[in-house]
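Notes follow the structure.
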Amino acid sequence: MPELPEVEVVRRGLDVWVSGRTIESAEVLHTRAVRRHEGVLSDQLKGRRVESADRRGKYLWLPLDDGAALMAHLGMSGQVLMVPKGTPDEKHLRVRVTFADDGPEMRFVDQRTFGHLMITQLTAAWGRTVPLPIAHIAPDPLEDAFDEDVFTAALKKRKTGIKRALLDQSLISGVGNIYADEALWRAKLHWARATETLTKPKISELLAAARAVMTEALGQGGTSFDSLYVNVNGESGYFDRSLNVYGRRDEPCPRCGTPIRRDAFMNRSSYSCPTCQPRPRNGRW
DNA sequence: CATCGACCCTGCGGGC
DNA sequence: TGCCCGCAGGGTCGAT
């Protein structure tokens, strides 16, 4: 489950459902689901108490009472579900974490196995305490540690297209393919616009658009085209109804009526309005 | 160093 | 009905 709003929906669920509980066991059903790991996951988690649920960008983690943390990245299709004990296993169940009480167990379900769990130490980075492996990830635009001037300076050094930059988690985290397209549409910027040609006010406008669209999506429980993207209780959000361009090829632009175009981009897609977001003369892919 | 394409997987829908 | 292709909210890695 992908971008910032969807991951935040999961974090909020975990904060409610696992904070303060003590882990009883962890069962790994697929080797790819746990990365960079030495030893038995269950041995390291048994008896640990979960303090809370934190997030930066698309990464979330559960700080533990021994100072380490259980980190998760959902990849393209990962889900974290809270289900009553005894519930039949999901087809793509990868890791099961049980607790020393009668409450629900936590399950990591992931069809495509691009996501993973990891036990990691915490460290200070960009004004926060975060897992060591993601110390290089920039703050996301919804956290206090995000510094617009720092982002703007870093962006101007880049020689690439604006969408590539938005998707680079070391510049700004949490933005993925959907919200990049939606933010660019709101700011009337083409995805291939060269970063070095952007003015400070335009960058500010783009950031405001990114914040707005992700905040609105969060208010609707995130974006779900199908049952792959759900909260810890398996429920879908409904922000997909509010998308202006993403996935709307040939549909009229909500602003000017021009049919939305779809371009191939990094083995994926970019959606934009040909009128509101004209292709730049010296764009960068 | 910075940038970019290939690759990692499973499943689904569309065209033939 | 199949089969094949393209496509899907992700990051990592090696080649340049």
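Chain A is the first sequence line, chain B the second, and so forth, proteins listed ahead of strands; every chain is numbered from 1. As a basis for the values below, the full set of heavy atoms in this structure was taken, side chains included, without hydrogen atoms, waters or symmetry mates.
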Check your understanding: Atom CD of A:Gln277 and atom OG of A:Ser272: how far apart are they, to the nearest 0.5 Å?
Key -> 5.0 Å

Review point. If you check the A:Arg164 side chain, which of B:dT10, B:dG5, B:dT3 turns out closest?
Key: B:dG5

Revision key, fill the gap. Its dot-bracket string being built from Watson-Crick and G-U pairs below 3.5 Å, with | for another strand and [ ] for crossing, DNA chain B has the pattern .|||||||.|||||||

Point to revise | C:dC7 to B:dG5 separation - P atoms, rounded to the nearest Å | key: 16 Å

Check your understanding: A:Ser269 near the nucleic acid: base, sugar-phosphate alone, or nothing, with a heavy-atom cut-off under 4.0 Å?
Key -> sugar-phosphate

Review point. Given the rule that I, L, V, M, F, W and Y join up when any side-chain heavy atoms are under 4.5 Å apart, are A:Val9 and A:Met71 in one cluster?
Key: no

Check your understanding: What parts of residues 105-133 of chain A reach DNA chain C, counting only heavy atoms under 4.0 Å away?
Key -> A:Arg112, A:Phe114

Check your understanding: Is the backbone N or O of A:Val109 less than 3.5 Å from a side-chain atom of A:Lys91, with the two atoms forming a donor-acceptor pair by type?
Key -> no

Check your understanding: In whole Å, what is the span from the CD atom of A:Glu90 to the P atom of B:dG11?
Key -> 15 Å

Review point. Backbone N or O of A:Gln44 within a donor-acceptor pair of the A:Arg48 side chain at under 3.5 Å?
Key: no

Review point. Think A:Arg158 has a side-chain N or O under 4.0 angstrom from the OP1 or OP2 of B:dT3?
Key: yes

Review point. To the nearest 0.5 Å, what is the distance between CD (A:Glu8) and CD (A:Glu3)?
Key: 14.0 Å

Practice item. Scan A:Arg35 against the nucleic acid and name what it touches under 4.0 Å (heavy atoms): base, sugar-phosphate only, or nothing. Key: nothing

Review point. With respect to the side chain of A:Tyr59, which nucleotide from B:dC4, B:dT3, C:dT12 is positioned closest?
Key: C:dT12

Review point. Under a 4.0 Å heavy-atom cut-off, which of residues 167-177 of chain A touch DNA chain B?
Key: none

Practice item. Provide, to the nearest angstrom, the distance between the CZ atom belonging to A:Arg284 and the C1' atom belonging to B:dA2. Key: 12 Å

Check your understanding: At under 4.0 Å between heavy atoms, what does A:Thr223 touch on the DNA or RNA strands: base, sugar-phosphate, or nothing?
Key -> base

Check your understanding: In Å and rounded to the nearest 0.5 Å, what is the CG to CG distance from A:Leu228 to A:Asp110?
Key -> 8.5 Å

Check your understanding: From A:Asp263 CG over to A:Arg279 CZ, what is the distance, rounded to the nearest 0.5 angstrom?
Key -> 4.5 Å

Exercise for review: Would you please confirm or rule out a distance under 4.0 Å between OP1 or OP2 of C:dG11 and any side-chain N or O of A:Lys58?
Suggested key: yes

Practice item. Could you state the atom-to-atom distance from NZ of A:Lys157 to P of B:dT3 in whole Å? Key: 11 Å

Check your understanding: Less than 4.0 Å between a side-chain N and a carboxylate O, is that true for A:Lys85 and A:Asp101?
Key -> no

Exercise for review: Indicate whether OP1 or OP2 belonging to B:dG11 is found under 4.0 Å from a side-chain N or O atom of A:Lys91.
Suggested key: yes

Exercise for review: For A:Leu93 and B:dT10, give me the distance from atom CG to atom C1', rounded to whole Å.
Suggested key: 16 Å

Review point. Quick one: A:Met266 CE to B:dT3 C1', roughly how many Å, whole number?
Key: 10 Å

Check your understanding: With distance as the sole test, does A:Gln79 use its side chain to make a donor-acceptor pair with the main-chain N or O of A:Gly234 at under 3.5 Å?
Key -> no

Point to revise | Closest nucleotide among B:dT3, B:dC9, B:dA6 to the A:Asn267 side chain | key: B:dA6

Check your understanding: Over how many whole Å does the gap from A:Arg94 atom CZ to B:dT10 atom P extend?
Key -> 8 Å

Point to revise | Side-chain (A:Arg186) to main-chain (A:Lys188) donor-acceptor, under 3.5 angstrom | key: no

**Study point:** Aromatic plane relationship, A:His116 with A:His73 - under 30° parallel, 30 to 60° tilted, over 60° perpendicular
**Key:** parallel

Check your understanding: Taking the side chain of A:His92 as its heavy atoms from C-beta onward, which of C:dG11, C:dA8, B:dG11 lies nearest to it?
Key -> B:dG11

Review point. Would you call A:Lys58 and A:Asp140 a salt bridge, taking side-chain N to carboxylate O under 4.0 Å as the test?
Key: no

Review point. NZ of A:Lys163 versus P of B:dC4: gap in Å, rounded?
Key: 14 Å

Review point. Separation of A:Phe225 atom CZ from C:dC7 atom C1', in whole Å?
Key: 13 Å

**Study point:** Basic-acidic side-chain contact under 4.0 Å: A:Arg158, A:Glu196
**Key:** no

**Study point:** Rounded distance in Å between the P positions of C:dC3 and B:dC9
**Key:** 23 Å

